[in-house]
Amino acid sequence: MSGKYTEYQQLNLPSISEEILAKWKNENTFEKSVTLREGFPPFVFYEGPPSANGMPGIHHVISRTLKDLVCRYKTMQGFQVKRKGGWDTHGLPIELGVEKELGITKEDIGVKISVEDYNKKCREVVMRFKDKWDDITQKMGYWVDLNNPYVTFENNYVETLWWCLSELYKKGYLYESVSIQPYSPAAGTGLSSHELNQPGTYKDVKDTSAVAMFRASLNPSKGGTSEHPTFSKIFSAITESKVSPKGGDLEGAEVFFMAWTTTPWTLPSNLGLTVGPNIDYVLVQTFNPYTHLPINVILAKALVSKYFKAEGENGDFENYAADVKLIPWKIVAEFKGKELEGMGYEQLLPSEANTLEKIQEITPGAQPFKVVLGDFVTTEDGTGIVHTAPAFGADDFKVGQKNNLGILTLVDKQGKFTEGVGEFSNRYVKNYKDEKDYVDVNIDIAVKLKLENRAFKVEKYEHNYPHCWRTDKPIIYYPLDAWFIKTTAVKDRMVELNKTINWKPANTGTGRFGNWLENMVDWNLSRSRFWGTPLPIWKTEDGEEELCIGSIEELNNEIKKAAEVLGGETNKHYLHEGILDLHKPYVDEITLVSPSGKPMQRVPDLIDVWFDSGAMPYAQWHFPFENKESFKESFPADFIAEGVDQTRGWFYTLHALAVLLFDSVAYKTVVSNGLVLDKNGQKMSKRLGNVVDPFATINSFGADATRWYLITNASPWDSLKFDEEGIKEVQRRFFGTLYNTYQFFALYANVDGFAFKETYIPVKDRPEIDQWILSSLNTLIKDVQDNFDAYEPTQAGRAIEDFVNAHLSNWYVRLCRRRFWKGEYEHDKICAYQTLYECLETLCKLMAPVAPFFADWLFSNLNNVSGRFSNESVHHTDFPKANEAVIDIDLEKRMQLAQDISSLILSLRKNNKKVNLKVRQPLQKVFIPALDSTMAERILKVADIIKAETNIKEVEILSADNDFIQKKQKPTLRRWVKNWGVK
RNA sequence: AGAUCCGUAGCUCAGCCUGGUUAGAGCACUACACUGAUAAUGUAGGGGUCUCCGGUUCAAAUCCGGACGGGUCUACCA
């Protein structure tokens, strides 16, 4: 305890941060804040693991500020808040980084570099920016235990993941199936629905779209059916048509189904055309705009106007020529979609690879190239006839199976055409490799169709198309074998339990998350990559028998068993020491034995990294192999917080696994914070160069001002327009004012030797203004506590700001200055010191969760002299509790009245029409009209303050019925109506 | 295309749920005061068609409907 309060030259927030940071380090302030609460009720917080593979950004600072302030607040409220940090270490981002660095592609792995070396490299790279993360964590004042973090690639962690998977397997929730899935040729892996739902995956792109013409056919050898009632209807319609175009009649002219596609590369794999059963279709006679040949086309009636100009209807067929702009057309027949069912058509782009024989080789008995019915067809886009390639669309696949169309996959997993697709073979369907001279194969397909009289319209079409969240390349839908978790089995329970979760803001839970749950599909776990958690399932070659491993012990037993049963070289490297690393390639070298004695190999898949983080409540404790107690105490979490982009990421996987495994929520409260935009409301992106560097920001403004700004400027869930000017304002307006208030206090307290050694003077014995500020202070405590409890830190922060500026500095200190410098060191002066001291001391605690450095600094400055607390840090103290006895609402109202009246008088002095009565000029008397006696009383009680503030000698109250003021009411009609209405 | 949030002063935001003084605050701007918080502090002023159009009501920034603009999200759009 020193005798004097430290006085400073000027406020320097960054240096305060440094000073306090050093103190925390020396005194283990964080660790103590946890251990000091040993035996207190726990408040459970889960840290969402960041990936140290990328640099931290300002958006990390906001979500971590949010997490930190809640944890600090709860600690001060008497909870023990353990915060185990963690690192997300698996997954695509890391693999892609390594590929880029090594200059290889996915195909090279296992060829140019062994899987072993590749994974070794991944393991190295994973913690690349750990230093930067540790640095920002410290500098921003984020308290989290990074000494014992969970790391998702460690064996213990993976073992728990295996345990989770085997539990799911036992419950029948883990299954394998072929389905059409989003697939990223660029990344070489399928994607789960929540990966596809990452922000920014859907982008507006311009693609070559084509309306292709499929020629209706009677020739069964080309795939058509020979008999169909609608054919005769069509032909008689054509015959009856009176139209007789140049060069002969249209009878015998070709009849086409028009179908639109934005992905021409799927056309060679076409196996059907789907129409809506109840949609009206028409047969139109016209000319092909490219070849100018007479044609008959079928399309949905509702979409005719999209392709034909109204003026051309029943136009001049006889004089049509290539140079005639207006193409004549005529509707000659009409039918329902179901009448078209079963009609055959000629293949659009025949090649070696898609002959009927080839198709039936793949799917025996398949009957492709016919019109089928589907409910999903609409007439909003296209032609009302949907080109159907079962391999490349979920609906297509379904409708293909139902109608036995077969399945053709003429594109390989790298995204290029397979052999046998004529001139298109081996060409990439999209520019996945960033080839400089890439020629869009879709355009070539469209050109070919044009030349062959098989295209009606080719144009660039802008639409929203999903892209891979890591490579930014367009995905395709592709048939894949994959393992799924049957989340749909517990959908209702997930919906039900979600209703018990406290979502901030609420509508994210009911709306965004709730809707997502309602439309849930099974979780696609499979990833065909190398660096990740292997799926612990071994299968016999015939696929008849399989085994799901749930622990290292079980695996080691199976390894030995297989060696005994199968003999020879089986598992010879794994017999002595057992398994040491649960990653590829080691797990793949292990052969297990089935109950019937057949060898089993591991299925090659890895699992979705989101499973890693979703299983974090269990895996961080290596449950159930260790720490059963720790797990029990820390599940479910009381609180988690991340960016709103995690709604379908971490928030979802946590919830899904908790419900699947434990029929429980994983978290009771979740706060999702919004995006951080630049000051113009633009999304931050490296490309635009508007990314804010959190290091630079914190270095120049200090962590406290940055945190305060992030929290008070907008509610966490609103998107924040980040502007440095805002931080400067916080620095000046709030921290500057509070600092000055302290400086003022220190200056005089040092002179008078005030160290809070005198007994606490009862508030009721202090002057009214002291009672007032203390009443306001206690009201503030209530307000702040309520807001923190409701996870509304923005409101809490603004309330503190308001108190400091409007009440403490601008009114209390200003009005009381004389009390500090005049007179003897006795009752009134001590009252003033005690009051101001209490305000400052309480403010330290109230603001400590948000501005931890400044709060601790101010607390130390005060407490080092007074020694009122034995705590080393403000973060070890208890949060203030409001003293209701001190709160006097009437007094607060009175003072508000005094402020308002003073302001009004000052305004009158200045705006007097005749003369500007400066404050310096004393005035004799002011008349203040009061509405009622209560108001009059209140005014009288604060009359002294008003007199002093306005430099007036007397205050006289005028009652409502006085005749001093002559009220001349000449209301305008509008005002009258507005205020009193019309009878 | 749908869902959802948002639109108030030059800027950042309150107010709206629960309709009723002259629609508020801070920053910025202008003028002034203080000179014992002074590289501080205070006071006053200018500045608003509360996005627009309808409706309900005696009365609408506030409630209802629609349009426009912006953000976010969803989607098997072929």
Side-chain angles (χ1 to χ4, degrees), chain A residues 9-11 180 182 196-197 199-200 202 209 259-263 266 273-274 374 376-378 380-389 392-399 461 463-466 477 505 507-508 510-513 515-516 519 521 644-645 647-648 674-675 677 679 681-683 709 712-715 717-721 723 725-726 728-730 732-734 736-737 739-748 794-795 798 801-802 805-806 809-811 813-814 817-818 820-822 902-903 906-911 916 918-920 949-950 975-983:
Chain A
Q9 287 305 306
Q10 60 174 9
L11 175 64
I180 308 300
L196 209 54
N197 279 306
Y202 280 83
S209 76
W260 180 59
T261 181
T262 55
T263 51
T266 59
L273 294 171
T274 308
F376 60 90
V377 180
T378 67
E380 276 170 22
D381 279 315
T383 62
I385 302 177
V386 176
H387 141 62
T388 302
F392 302 121
D395 280 331
D396 302 47
F397 182 75
K398 239 182 282 168
V399 88
Y461 178 78
H463 62 153
N464 221 241
Y465 197 82
Y477 290 89
N507 61 2
T508 301
T510 51
R512 191 180 288 195
F513 196 65
N515 292 342
W516 168 249
N519 300 317
V521 293
V644 69
D645 52 344
T647 306
R648 294 186 174 86
L675 296 168
L677 309 171
K679 62 179 174 184
Q682 294 274 316
K683 214 168 173 171
Y709 167 72
T712 57
N713 187 63
S715 281
W717 33 89
D718 289 338
S719 52
L720 174 87
K721 288 183 194 166
D723 188 355
E725 290 304 315
K728 285 184 193 160
E729 192 180 324
V730 161
R732 270 203 317 274
R733 183 81 200 146
F734 176 63
T737 305
Y739 161 82
N740 271 327
T741 307
Y742 165 75
Q743 278 288 85
F744 174 86
F745 166 81
L747 184 64
Y748 295 108
T794 307
Q795 305 308 325
R798 286 176 180 175
E801 245 172 33
D802 193 50
N805 288 325
S809 169
N810 183 16
W811 201 248
V813 172
R814 199 162 54 80
R817 274 148 86 194
R818 260 176 215 86
F820 291 91
W821 75 64
K822 274 179 76 178
S902 301
S903 179
L906 289 167
S907 172
L908 281 172
R909 271 178 168 278
K910 188 155 297 190
N911 290 340
N916 184 359
K918 293 193 170 183
V919 183
R920 201 190 290 218
E949 190 66 7
T950 57
R975 266 281 275 300
W976 179 259
V977 168
K978 199 170 177 198
N979 293 340
W980 305 107
V982 180
K983 288 275 158 70

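Letters A, B, ... are given to chains in the order of the sequence lines, protein chains preceding strands, and every chain is numbered from 1.
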Suppose we define a pair by two distances each less than 3.5 Å, Watson-Crick or G-U wobble; what does [N] pair with here?
N     : result
B/G36 : none
B/U72 : B/A3
B/A23 : none
B/U30 : B/A44
B/A78 : none
B/U56 : none
B/U62 : none
B/C17 : none

Short side-chain N/O contact to B/A28 OP1/OP2 from A/Arg732, under 4.0 Å: yes
N/O (side chain, A/Thr261) to phosphate O (OP1/OP2, B/A78) under 4.0 Å: no
Which whole number of Å gives the distance between the [atom1] atom of [N] and that of [M]?
N     : M     : atom1 : value
B/A25 : B/A9  : P     : 14 Å
B/A14 : B/U30 : P     : 28 Å
B/G69 : B/C27 : C1'   : 26 Å
B/C58 : B/A31 : C1'   : 43 Å
B/G24 : B/G47 : P     : 14 Å
B/A23 : B/U62 : C1'   : 11 Å
B/A60 : B/U72 : P     : 36 Å
B/A28 : B/U12 : C1'   : 11 Å

Under 4.0 Å between any heavy atoms, over every strand shown, what does [X] touch: base, sugar-phosphate, or nothing? Just pick one.
X        : value
A/Thr741 : base
A/Tyr748 : sugar-phosphate
A/Asn810 : sugar-phosphate
A/Lys728 : nothing
A/Thr274 : nothing

A/Phe397 and A/Phe392, any side-chain heavy atoms less than 4.5 Å apart: no
A/Thr274 side chain reached by A/Ile385 side chain, heavy atoms, under 4.5 Å: no
Which residue lies more 5' along RNA chain B, comparing A/Asp802 with A/Trp811 via nearest heavy atoms: A/Asp802
Contact nearer the 5' end of RNA chain B, comparing A/Gln743 with A/Gln795: A/Gln795
Could you check which of [options] has an atom nearest any side-chain atom of [X]?
X        : options             : result
A/Arg733 : B/G36, B/G26, B/A78 : B/G26
A/Asn713 : B/A78, B/U12, B/G42 : B/U12
A/Trp260 : B/A37, B/A78, B/U43 : B/A78
A/Asn740 : B/U41, B/A78, B/U12 : B/U41
A/Arg798 : B/A78, B/C27, B/A14 : B/A14

What's the [atom1]-[atom2] distance between [X] and [N], to the nearest Å?
X        : N     : atom1 : atom2 : value
A/Arg817 : B/A37 : CZ    : P     : 4 Å
A/Glu801 : B/U12 : CD    : P     : 17 Å
A/Leu747 : B/A40 : CG    : P     : 16 Å
A/Tyr709 : B/C11 : OH    : P     : 15 Å
A/Arg814 : B/U43 : CZ    : C1'   : 8 Å
A/Ile180 : B/A75 : CD1   : P     : 18 Å
A/Leu906 : B/C32 : CG    : P     : 17 Å
A/Glu729 : B/A25 : CD    : P     : 15 Å

Test item: A/Arg798 side-chain N/O and A/Thr712 main-chain N/O as donor-acceptor pair under 3.5 Å: yes
Donor-acceptor pair, side chain of A/Tyr709 and main chain of A/Glu729, under 3.5 angstrom: no
Verdict with reasoning, A/Thr737 to A/Ser809, per side chain to side chain donor-acceptor pair (under 3.5 Å): CA-CA 7 Å; A/Thr737 305; A/Ser809 169; 5.4 Å; no
Aromatic plane relationship, A/Phe744 with A/Tyr748 - under 30° parallel, 30 to 60° tilted, over 60° perpendicular: perpendicular
Evaluation steps, side-chain contact (heavy atoms from CB on, under 4.5 Å), between A/Val386 and A/Leu273: CA-CA 5 Å; A/Val386 176; A/Leu273 294 171; over 6 Å; no
Heavy atoms of other groups near A/Arg814 CZ, more than 12 under 6.0 Å: yes
